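Scroll down for the structure; my scribbles are underneath it.
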Amino acid sequence: MPLSEQDIDQLESILFDDAWADDTLDYFGLHGAVCASVTGPKKLSDDQLLELVFADAVETLNSDQRKYILQCATQIREEIVQHLHEGTPINLPHEQEEAFEDCLESWCAGFMEGFFVNEKAWFHKSEEVAAELLLPYMALSGLFDNEEFAQIHANDKLMSQFESLAPEQLTDIYLYYHSD
């Protein structure tokens, strides 16, 4: 079951607290990071997830905040696993948002941050296949600004295809890493 609007509001009140650094992930980024943990080759531990979301500010979280964030992450994880087991596309939380592109960028940035934590494991099977599977998320994340990605970003048709492909490709990523 997806997080309720009330859960998301409470989660974002923690994530956007003035006590944290500006680089704290938002709800969309958290969802993306959890999705990378589920679909990718190696699950993020609770501590890794909290460090990813809060960077250096993780030590300032109180126990209630930690518990709530991890509870939300578990609920997100369970929803993703349910979709994967049912063979249905994973619902990205930004699909209904007015600021769709910003939400998608934040989600993809969180996904890529989840990838970076275990980058070596993602490339263990085949660097070429992993790069191909990750390309839409890399392009949509806005984290890469080299010349190669500038050309991709300039291609509106390709970027639109990446937007459409992103939810479905998560199943491909999951199957690539979890079926032998």
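The first residue in the sequence is number 1, and the count goes up from there. Everything numeric here is computed off the predicted structure, so don't read it as measured data.
- Once rounded to the nearest 0.5 Å, the distance linking CD of Gln75 with CD1 of Ile80 reads 11.5 Å.
- Of all heavy-atom pairs between Leu3 and Leu11, the closest is CD1-CD2, 4.3 Å.
- Without hydrogens or angle criteria, Ser160 side chain to Asp156 main chain gives no donor-acceptor distance under 3.5 Å.
- The number of heavy atoms from other shown groups lying within 6.0 Å of CD (Gln161) is above 12.
- Cluster annotation: Val58 is not connected to Phe16 through the hydrophobic network of ILVMFWY side chains, with a link wherever side-chain heavy atoms come within less than 4.5 Å.
- Judged purely by atom type and a 3.5 angstrom limit, Thr74 uses its side chain to pair as donor or acceptor with the backbone of Leu70.
- Rounding to the nearest 0.5 Å gives a distance of 10.5 Å between CZ of Phe28 and CG of Leu104.
- Phe144 and Phe116 have tilted rings, their planes meeting at an angle from 30° to 60° on a 0 to 90° scale.
- Within the 4.5 Å cutoff, the side chain of Phe149 has no heavy atoms near those of the Leu143 side chain.
- Within a 6.0 Å radius of CG in Asp145, other residues, nucleotides and ligands contribute 12 heavy atoms or fewer.
- Remark: the backbone N or O of Leu133 is paired with a side-chain donor or acceptor of Gln169 at under 3.5 angstrom.
- Under 3.5 Å, the side chains of Glu86 and Gln82 contain a donor-acceptor pair of N or O atoms.
- The structure places CD of Gln65 at 10.5 Å from CG of Leu50, a figure rounded to the nearest 0.5 Å.
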Could you pull out all donor-acceptor pairs under 3.5 Å where a side-chain atom in residues 29-49 meets a protein atom, sequence neighbours excluded?
unit_1: His31; atom_1: ND1; unit_2: Trp107; atom_2: NE1; d: 2.9
unit_1: Ser37; atom_1: OG; unit_2: Leu44; atom_2: N; d: 2.7
unit_1: Thr39; atom_1: OG1; unit_2: Cys35; atom_2: O; d: 2.9
unit_1: Ser45; atom_1: OG; unit_2: Gln48; atom_2: N; d: 3.1
unit_1: Ser45; atom_1: OG; unit_2: Gln48; atom_2: OE1; d: 3.4
unit_1: Gln48; atom_1: OE1; unit_2: Ser45; atom_2: N; d: 2.8

Side chain to side chain contact (heavy atoms under 4.5 Å, CB included), that's the test. Do Glu79 and Asn91 meet it? Break it down for me. CA-CA 9 Å; Glu79 179 190 9; Asn91 295 323; 4.2 Å; yes
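- When all heavy atoms are compared, the tightest approach of Ala166 to Leu140 is CB-CD1, 4.4 Å.
- Annotation: the span from Glu105 atom CD to Cys108 atom SG amounts to 8.5 Å, rounded to 0.5 Å.
- Checked by atom type and distance alone, the side chain of Tyr68 pairs as donor or acceptor with a backbone atom of Asp7 at under 3.5 Å.
- Side-chain contact between Leu15 and Leu25: absent, with no pair of heavy atoms (C-beta onward) separated by less than 4.5 Å.
- In terms of hydrophobic clustering, with Ile, Leu, Val, Met, Phe, Trp and Tyr side chains grouped at heavy-atom distances under 4.5 Å, Leu165 and Leu135 are assigned to different clusters.
- For the pair Leu170/Leu92, a side-chain contact is recorded, criterion being any heavy-atom separation below 4.5 Å from C-beta on.
- The local environment of NE2 in His124 is sparse, with at most 12 non-hydrogen atoms from other residues, nucleotides or ligands closer than 6.0 Å.
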Given Phe115 and Phe123, is the ring pair (Phe, Tyr, Trp, His ring centres under 6.0 Å) satisfied, shown in steps? CA-CA 10 Å; Phe115 154 78; Phe123 290 129; 5.6 Å; yes
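- Distance check, rounded to the nearest 0.5 Å: CG of Asp26 to SG of Cys103 gives 7.5 Å.
- Contact of the Tyr27 side chain with the Pro93 side chain is registered, since non-hydrogen atoms from C-beta on lie closer than 4.5 Å.
- A distance-only check finds a donor-acceptor pair linking the side chain of Asn155 to the backbone of Leu158 [under 3.5 Å].
- Heavy-atom minimum distance, Ile152 versus Met159: O-CG, 3.5 Å.
- Note that NZ of Lys125 and OH of Tyr176 are 5.0 Å apart. Values are rounded to the nearest 0.5 Å.
- Ring geometry for Tyr177 against Trp122 counts as perpendicular: the plane angle is over 60°, on a 0 to 90° scale with 30° as the lower cut.
- Looking only at side-chain heavy atoms (C-beta outward), Ile69 and Phe54 come within less than 4.5 Å of each other.
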